[in-house]
Number of protein chains: 2
Amino acid sequence: MATGLFCCHAVYDGAVTDVTSTGAATAPAKRGRGEKSSATIYDIAKLAGVNPSTVSRALSKPGRVSAKTQKIIEDAAAELNYQVNPFARALPTGRTQTIGLIVADITNPTFFDIIRGAETTGSARDYTLVLAESAESPETEVTAARRLLSTVDGLILASPRMDDDHIRALSADKPVVVINRQIDGVPCVVPDVNKGISEAVRSLAANGHTNLAYVAGPAQSWMTGRRWEGVKAACEWSKLGAVRLESSKPTVDGGRQVARDVLESGATAVITYNDLLAIGLMQELQAGGMRVPDQISIVGFDDIFGADFTTPALTTVRSPLGECGTRAVTILLDVLQGHDAPDEAVSVETELVVRGSSGRLLA
Amino acid sequence: MATGLFCCHAVYDGAVTDVTSTGAATAPAKRGRGEKSSATIYDIAKLAGVNPSTVSRALSKPGRVSAKTQKIIEDAAAELNYQVNPFARALPTGRTQTIGLIVADITNPTFFDIIRGAETTGSARDYTLVLAESAESPETEVTAARRLLSTVDGLILASPRMDDDHIRALSADKPVVVINRQIDGVPCVVPDVNKGISEAVRSLAANGHTNLAYVAGPAQSWMTGRRWEGVKAACEWSKLGAVRLESSKPTVDGGRQVARDVLESGATAVITYNDLLAIGLMQELQAGGMRVPDQISIVGFDDIFGADFTTPALTTVRSPLGECGTRAVTILLDVLQGHDAPDEAVSVETELVVRGSSGRLLA
DNA sequence: CCACTCTTGTCAACCGGTTGCCAAAAATTG
DNA sequence: CAATTTTTGGCAACCGGTTGACAAGAGTGG
């Protein structure tokens with residue numbers, strides 16, 4: 001007799017009287033187990049003696065109903081322990097109260113703080129964060145982005161690997177904010193590397209270094225170019241020699257592999273594209289008998305988790321990654337509320353964190 | 001004349017003829033910008049010349065329609081670049097193709113691999129992962145879980161901080177899988193610490209150690225008790241003395257603080273609740289002039305990211321965290337497909353990873 | 001060739017909210 | 001107190017799929 005999918009609202013309130021004879025035949029339980037599958041605005045309407053649409057207005061359009069009915073409805077909602085069904089809401093409105101975040105690699109600690117910053121800020125404003133990973137592949141990234149885009153209100157791309165045009169295309173569909181890369185016409189949050197870098201170079205120069213090497217990151221990374229520009233400029237200013245070395249991959253292993261090139265370059269100070277490279281490089285150099293920082297100074301980038309586990313602890317240019325996540329979410333939610341996006345890239349400050357891996361050169 | 005929310009399907013196919021005069025007044029763009037808001041099964045039905053319900057069946061009920069119409073419909077869908085609207089699907093069915101993962105702390109590296117394992121496995125089976133964080137607070141955790149539960153098909157709790165009854169309550173609503181804790185009646189994935197621990201203790205005994213200290217983690221953590229039990233049993237077996245020391249918090253800082261107690265205990269070998277404690281402890285002991293491992297051996301737990309950044313690199317009992325994530329998702333999806341959950345906790349193997357921080361005691 | 005299954009497509013109701021339009025009720029004004 | 005404006009609540013259509021019931025069409029056997 002029952003035709004299938006109905007919620008069972010028979011047992012609200014402790015009054016479990018005679019369920020079998022009255023309601024059971026017409027109300028099979030719905031979502032799996034548990035008979036409590038939540039109340040709807042129709043239940044509230046019945047209890048409050050008003051129309052469902054009035055309930056809807058009372059609950060989502062402040063001021064549209066009189067204070068009196070508002071109260072009645074809110075009480076009824078509370079009594080029934082009502083929770084909106086996000087899907088039912090999303091269907092007609094398109095609003096999902098959800099934002100997507102795509103990172104290149106979930107296990108890359110660079111992203112941890114971004115994720116946390118975004119999650120915290122989103123939660124605070126009642127948005128849910130959906131996380132996806134591109135496994136460093138531009139294609140996967142585009143796929144993931146497309147898939148996410150249909151279920152979220154907006155998207156945050158952290159250090160995206162896909163090209164600018166793809167990002168603009170996404171951005172034409174729904175609001176998109178980019179972290180760690182600058183793209184015309186798309187709101188961006190980008191750490192301003194120059195402050196941190198010039199602090200680092202100045203400090204190295206002051207410690208007697210005259211030749212510096214920059215170990216670059218992956219070619220698709222927009223940031224690696226920026227950082228090299230910054231290093232080059234700062235070195236010119238401080239009259240240091242600067243060479244750029246390429247790494248095979250931006251990991252501890254990549255750092256180990258580039259150690260030989262570093263030695264051959266004759267540089268006594270190294271700035272690397274990221275902390276992982278710095279750590280690998282330091283391990284390999286120490287294993288070969290070099291003393292850090294007496295013979296060579298090493299400066300990383302990002303101040304990732306674990307940068308202070310090493311001996312000596314790593315000197316590094318800190319990017320405020322948590323803040324990047326927070327800012328990106330804030331911009332996104334502002335845009336969603338109809339505000340304009342900032343027309344220039346939002347820049348956040350970097351700073352040098354001096355630890356043990358950099359210092360005076362002992363000739 | 002237009003009454004509001006309609007998708008603009010006027011411009012399918014490159015034929016952009018005369019939009020203004022025909023469609024513009026009746027078809028305001030819907031979801032923000034971009035006129036492409038996606039095709040529906042109604043569009044497909046029209047194009048294929050069948051009923052929408054047939055389209056629905058062709059696309060989701062394999063075998064329900066004839067091969068011929070199936071093909072026609074699939075072609076039409078491809079031509080229109082159709083994508084199901086997840087909300088429209090979720091509304092009547094309750095299926096969301098989404099699973100929730102709650103972790104205590106997003107920045108705690110213990111969870112990184114769990115997250116990645118879960119994300120990867122979920123993606124492979126077309127499920128989206130939604131991540132939430134409890135900030136180590138049982139209350140926040142319950143709230144987050146409740147909120148998530150209404151929008152996901154199932155939930156994974158990694159090292160939950162809430163009590164057993166809350167978890168059982170959630171589990172009565174929707175499928176729940178727990179990682180790193182064992183609860184009767186709820187499917188669990190738990191690393192079997194005994195193998196790793198006995199390897200560790202045996203190795204320490206073989207290196208001349210006779211007194212061992214275990215540095216415990218937070219009291220709410222079910223795991224800390226398990227690990228202590230394992231250590232105690234293994235020490236009895238190997239005839240080592242074992243004492244349990246408490247830490248203030250399971251972090252690097254907590255490790256530093258417990259150094260004094262470790263020294264006073266007279267133990268020459270330490271096993272800590274997690275790697276962070278081990279790292280902090282090692283830093284503090286080395287700062288005080290102790291040589292690791294010559295004077296004291298340190299063994300951590302989990303093999304987190306960064307455990308090999310230290311000098312010496314950290315010896316640790318590795319839990320296969322990625323596998324935990326994978327297994328948990330697999331179990332959850334199996335349950336969602338109607339299979340039975342395993343009635344015993346699924347156990348995954350731990351193993352000792354010997355690095356430099358443990359070794360022979362040089363008296 | 002007809003009665004009887006089995007397959008396949010259509011109809012219509014439904015999931016749970018949202019919102020434009022309208023009319024009744026209340027408040028304001030002359 | 002009547003006329004007018006403003007509130008406030010109700011009606012009904014709609015978002016885009018899903019699914020039970022049913023009937024027309026295809027296939028089968030006697």
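Chain A is the first sequence line, chain B the second, and so forth, proteins listed ahead of strands; every chain is numbered from 1.
Closest to the side chain of B:Pro92, from the set D:dG9, C:dC15, C:dG9, is C:dC15. Candidate nucleotides C:dT10, D:dG17, C:dG16 were compared by shortest atom distance to the side chain of A:Asn85, and C:dG16 ranks first. Candidate nucleotides C:dT8, C:dT18, D:dT19 were compared by shortest atom distance to the side chain of B:Arg64, and C:dT8 ranks first.
Within the structure, the salt bridge (Lys or Arg N to Asp or Glu O under 4.0 Å) test picks out no pair touching residues 54-69 of chain A (sequence neighbours left out).
With contacts defined as side-chain heavy-atom distances shorter than 4.5 Å, the pair B:Leu131/A:Leu129 does not qualify. Using a 4.5 Å heavy-atom threshold, the side chains of B:Val55 and B:Tyr82 count as separate. Looking at heavy atoms from C-beta onward, B:Ile179 lies in side-chain contact with B:Ile114 at the 4.5 angstrom threshold. Between A:Val50 and A:Ile72 there is no side-chain heavy-atom pair separated by less than 4.5 Å. Between A:Ile331 and A:His339 there is no side-chain heavy-atom pair separated by less than 4.5 Å.
Here B:Ser60 does not reach the OP1 or OP2 of D:dG17: none of its side-chain N or O atoms lies under 4.0 Å away. Listed pair A:Lys61 / C:dT19 meets the phosphate criterion, a side-chain N or O lying under 4.0 Å from OP1 or OP2. For C:dT8, neither phosphate oxygen OP1 nor OP2 lies less than 4.0 angstrom from any side-chain nitrogen or oxygen of B:Thr69. An OP1 or OP2 oxygen of C:dG9 is reached within less than 4.0 angstrom by a side-chain nitrogen or oxygen of B:Ser66.
Rounded to 10°, the helix from C:dC1-D:dG30 to C:dG30-D:dC1 has 40° between the axis fitted to its first five pairs and the one fitted to its last five.
Using a 4.0 Å heavy-atom distance criterion, B:Phe87 is classed as making no nucleic acid contact. Note on A:Ser53: a base of the nucleic acid sits closer than 4.0 angstrom, heavy atoms only. Heavy atoms of B:Ser56 sit under 4.0 angstrom from at least one base atom.
One interatomic measurement links the two molecules: CD of A:Gln97 to P of C:dG17, which rounds to 15 Å at whole-angstrom precision. Rounded to whole angstrom, the span from the CG atom of B:Leu91 across to the P atom of D:dT19 amounts to 12 Å. In this structure, the NZ atom of B:Lys68 is 11 Å from the P atom of C:dT8, given to the nearest Å. Between the P atom of C:dG17 and the NZ atom of A:Lys46 lies a distance of 13 Å, rounded to the nearest Å. Straight-line distance from the CG atom of A:Leu59 to the P atom of D:dG9: 14 Å, rounded to whole Å. Taking atom OH on B:Tyr42 and atom C1' on D:dA13, their separation rounds to 13 Å, with Å as the unit. For the pair B:Ile41 CD1 and C:dC11 P, the computed distance is 14 Å after rounding to whole Å. Nucleotide C:dG16 holds its C1' atom 11 Å from the CZ atom of A:Arg89, rounded to whole Å.
For A:Arg57 and D:dG10, a side-chain-to-base donor-acceptor distance below 3.5 Å is present, hydrogens and geometry of angles not being considered. Interface remark: the B:Thr40 side chain does not form any donor-acceptor pair with the D:dC15 base, using a distance-only criterion of under 3.5 Å. In the interface, the side chain of A:Thr93 is not paired with the base of D:dC15 through any donor and acceptor atom under 3.5 Å apart.
Each of B:Ala88 and B:Asn51 has a nearest nucleotide on DNA chain C; the 5'-most of these lies closest to B:Asn51.
With sequence neighbours excluded, the residues forming a salt bridge (charged side-chain N to carboxylate O under 4.0 Å, His left out) with B:Asp165 are B:Arg168, listed by chain and number.
Tested against A:Arg161, the residues A:Glu136, A:Glu141, A:Glu139 include a single salt bridge (charged side-chain N to carboxylate O under 4.0 Å, His left out) partner, A:Glu136.
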